[in-house]
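The analysis underlying the following values was restricted to heavy atoms, covering all of them including side chains, and did not include hydrogens, waters or symmetry mates.
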Protein chains: 2
Amino acid sequence: MSFDLDRIDRNILNILQKDSRISNQDLAERIGLSPPACLRRVRRLRESGVIVAEVALINPRMVGRYINIIVEVEMVRDQLDIYDAFKRKMDAAPEVTQCYQVTGEVDFLLMLLVEDMESYEAFTRKYLATDANLAKFRTLISLRRDKFSTAVPL
Amino acid sequence: MSFDLDRIDRNILNILQKDSRISNQDLAERIGLSPPACLRRVRRLRESGVIVAEVALINPRMVGRYINIIVEVEMVRDQLDIYDAFKRKMDAAPEVTQCYQVTGEVDFLLMLLVEDMESYEAFTRKYLATDANLAKFRTLISLRRDKFSTAVPL
DNA sequence: CACTAAAATGAAATTTAATTTCGTTAATGA
DNA sequence: TCATTAACGAAATTAAATTTCATTTTAGTG
């Protein structure tokens, strides 16, 4: 389930977490290894599941999607099957970009990305207001994503 | 500030948001263009700022970082300079992976990724409990990140 | 401390992909 | 309809990824 990283692996990950488009040759030079040795390490990190994916990040504002909505959800009862069913629904909802099960009064925290408030209205009707296992939810609106880093600090 | 995407651009973005490691040749084939034409479009998306970055996503659990902390922060007064100063601090804090300015009772929502609760304690002392402009904060703990997608729905 | 086995490395060769060039086609607007 | 611009694709070129294999380093053991 976990993986031992040495100094070089950490170095590689820190670079790839910022820019995975770097050529293997440049990466090799920056970490002080030959290209084949570097490539083998990167491969191992991919195959072992440390690197889950390499993706393009796009600016939501450039494509007309820029309202962030945070939703705190409280279920009627703390039951495993109720939780699992809710998670599955959130997983299928394209507006939901993040879903966290949390401890305390609140049960889930959702992060959504929507075009406008009308889209959010539609979402609440489809997924929240009609869920019999959902007790209440609170909405926080954000027009400013001041920081968004996908990098895990190492 | 925004950018007109046609059907092909959207198609490209949807693929690259899931997997930016795909070769230009394969991408070209999937969208039905020649490699040079495909490459030109991808370049344009990069240069125009639609594609902000291409990064490796790593599994926090594989590297010993797996507590997600959500913090709701309320400032003493709704003043621009107070907000800006706080944002700058959060930007500099490596534990903070996301920061959203929100409307309503709460002023900011933070997402942190920490090794253990002790690290979070240290964070609150350094950044929150000692900030004179901060009125109160509420902490939500999550051991389960059930969904985490960086893709903007298009 | 020396010896062995396993793991990691790098130079060179090979394969594969990215990128450029340039003539052609399609879209846009007067 | 015609002129202009933008986008396209085939072929050639350049650059990078990947494989091969001999060597070095590391880790464990008598």
A:Tyr83-A:Asp107 side chain donor-acceptor pair, cut-off 3.5 Å: yes
Nucleotide-resolved protein contact map, nucleotides 8-27 of chain C, B/S/- at heavy-atom distance under 4.0 Å: -BBBB----SSSB-------
Euclidean distance, atom CG of residue A:Asp6 to atom C1' of C:dA7 [Å, nearest integer]: 12 Å
Contacts of type side-chain hydrogen bond (donor to acceptor under 3.5 Å, both in side chains), residue B:Asp6, not counting sequence neighbours: B:Arg41
B:Gln98 CD to A:Asn68 CG distance, which is reported to the nearest 0.5 Å: 8.5 Å
Distance-only donor-acceptor check, side chains A:Asn59 and A:Tyr66, under 3.5 Å: no
B:Phe108-B:Phe86 aromatic ring centre distance below 6.0 Å: yes
